[in-house]
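Protein chains get the first letters and strands the later ones, always in sequence-line order, with residue 1 at the start of each.
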Number of protein chains: 2
Amino acid sequence: MNIGTASDHSGLPPKTIRYYEEIGLIKADRAPNGYRDYSETHLHKLAFLHRARGLGFSIEECRQLLALYEDKSRASGDVKELAEQKLVEIDRKMLELRELKKSLGHLVEHCHGDDRPDCPILDSLAEGLAPQ
Amino acid sequence: MNIGTASDHSGLPPKTIRYYEEIGLIKADRAPNGYRDYSETHLHKLAFLHRARGLGFSIEECRQLLALYEDKSRASGDVKELAEQKLVEIDRKMLELRELKKSLGHLVEHCHGDDRPDCPILDSLAEGLAPQ
DNA sequence: CTTGAGCTTCCACCTACTGGAAGGTTTAAG
DNA sequence: CTTAAACCTTCCAGTAGGTGGAAGCTCAAG
């Protein structure tokens, strides 16, 4: 499948997919005409990259995460350790999202678009910090 | 409080804090000696920025999110709409994190660092895609 | 067989930092 | 008091991760 279709399915712009190939993150096959050719497996990896990057994982982290899915890495105990470390990081991100959501939800509830002058937002922003 | 202390409390490197000031994202007061001076409110915003950036929100999105907490924005109905739109995005990110976690958890469970050649990872990666 | 969409590479530009130099300030030790 | 470490300042260059656009090739439709 061509890069445009792969783009549609993965959510990544063609430019970005080419860039990822350029930096050795994910290499496409080539059709006889020179066009990049993507398989379902490629699609999965691209969609995975889209998700992971959108969640704040760096390219290097994505490279590690992708390595987890490659045969050569699966034989090593380091891999499991890396995955577990990423799981901890994911839990932290989920917690942060919950806090962010709480802050914003608070805003939506209490500052409902009229001229009410009081806003408890900074309080909820303060989550986890010393009180003012 | 000085930039170093603000850095310790917010988790953002001093360089990044200065950069955020340079692009007009968050402006510090100045002490008589010319040093930047941060209040608790500044700290909250910096910690908020740290969280939001780490979760994949762009600088421009962070600028919008910060605007939600400023008086001038609170009088507008657009603000509520923006916040609700961000809430949808946060829910999506949480869902994606759960999927990512499922994939990785699967890996940790089934590929336990020995030489087992079979791995169901690409299946769980395929979450939401057409089957291979 | 031409027109347009889609692909290729290459190069420049953009965003979001990050490192380092050069120099002023504050703190703590001698 | 002074000197050294650990701050802080600005400025400038470099890096990471794309993104836009030009020039040119390819493919499917009319």
Side-chain angles (χ1 to χ4, degrees), chain A residues 1-40 42-43 45-67 86 89 93 96 100, chain B residues 1-40 42-43 45-67 86 89 93 96 100:
Chain A
M1 122 190 18
N2 285 347
I3 197 169
T5 315
S7 168
D8 292 342
H9 283 70
S10 67
L12 286 171
K15 282 273 186 188
T16 304
I17 298 178
R18 290 192 197 98
Y19 172 71
Y20 286 172
E21 178 162 334
E22 192 188 321
I23 62 171
L25 198 52
I26 179 165
K27 190 168 170 297
D29 299 329
R30 291 291 173 139
N33 61 9
Y35 285 19
R36 285 174 183 80
D37 186 24
Y38 295 91
S39 67
E40 289 293 328
H42 285 125
L43 275 199
K45 292 185 181 182
L46 289 171
F48 171 80
L49 285 171
H50 186 207
R51 264 196 279 167
R53 290 290 297 129
L55 292 167
F57 288 97
S58 74
I59 291 285
E60 275 323 298
E61 288 173 323
C62 288
R63 201 186 294 276
Q64 295 175 341
L65 286 166
L66 272 187
K86 292 298 171 201
E89 203 171 327
K93 279 175 189 287
E96 286 175 358
L100 199 54
Chain B
M1 121 190 20
N2 285 349
I3 198 170
T5 315
S7 168
D8 292 342
H9 283 69
S10 67
L12 286 172
K15 281 271 185 188
T16 304
I17 298 178
R18 289 192 198 98
Y19 172 70
Y20 286 171
E21 178 162 334
E22 192 188 322
I23 62 172
L25 198 51
I26 179 166
K27 189 167 171 298
D29 299 329
R30 292 289 175 142
N33 61 9
Y35 285 18
R36 286 174 181 80
D37 186 24
Y38 295 91
S39 67
E40 289 294 328
H42 285 125
L43 275 199
K45 292 185 180 182
L46 289 172
F48 172 82
L49 286 171
H50 186 207
R51 264 196 277 168
R53 290 290 297 129
L55 293 167
F57 289 97
S58 75
I59 292 285
E60 274 324 297
E61 287 172 324
C62 288
R63 201 187 295 276
Q64 294 175 343
L65 285 166
L66 270 187
K86 292 297 170 199
E89 202 170 329
K93 280 175 190 282
E96 286 175 355
L100 199 54

Check: Is there a side-chain contact between Glu89(A) and Phe57(A), using heavy atoms and a 4.5 Å cut-off?
Finding: yes
Check: Are the side chains of Tyr20(A) and Ile59(A) in touch, meaning some heavy atoms are under 4.5 Å apart?
Finding: yes
Between [options], which nucleotide has the shortest distance from any of its atoms to the side chain of [X]?
X	options	value
Lys15(A)	dT9(C), dC8(D), dG20(D)	dG20(D)
Ile3(B)	dT9(D), dT25(C), dG17(D)	dT9(D)
Thr16(B)	dT18(C), dC7(C), dT9(D)	dT18(C)
Arg36(A)	dT9(C), dT10(D), dC27(D)	dT9(C)
Asn33(A)	dC8(D), dT26(D), dT9(D)	dT26(D)
Arg30(A)	dT9(C), dT19(D), dC17(C)	dT9(C)
Tyr35(B)	dC17(C), dG18(D), dT25(C)	dT25(C)

Between [X] ([atom1]) and [N] ([atom2]), how many Å, whole number?
X	N	atom1	atom2	result
Leu49(B)	dT15(C)	CG	P	18 Å
Ile26(A)	dG18(D)	CD1	C1'	17 Å
Glu21(B)	dC11(D)	CD	P	12 Å
Tyr20(B)	dT18(C)	OH	C1'	12 Å
Glu60(A)	dG18(D)	CD	P	12 Å
Arg18(B)	dC11(D)	CZ	C1'	12 Å
Ile59(B)	dG18(D)	CD1	P	15 Å
Asp29(B)	dT9(D)	CG	P	13 Å

Check: Is Glu22(B) salt-bridged to Arg36(B), going by a charged N under 4.0 Å from an acidic O?
Finding: no
Note to self: With a 4.0 Å cut-off on N to O distance, would you call Glu60(B) and Arg63(B) a salt bridge?
What the structure shows: yes
Note to self: Taking the six-membered ring of Tyr38(B) as reference, does the cationic atom of Lys45(B) (NZ for Lys, CZ for Arg) lie under 6.0 Å from its centre and within 45° of its axis?
What the structure shows: no
Check: At under 4.0 Å between heavy atoms, what does Arg53(B) touch on the DNA or RNA strands: base, sugar-phosphate, or nothing?
Finding: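 Sugar-phosphate, backbone atoms only, no base.
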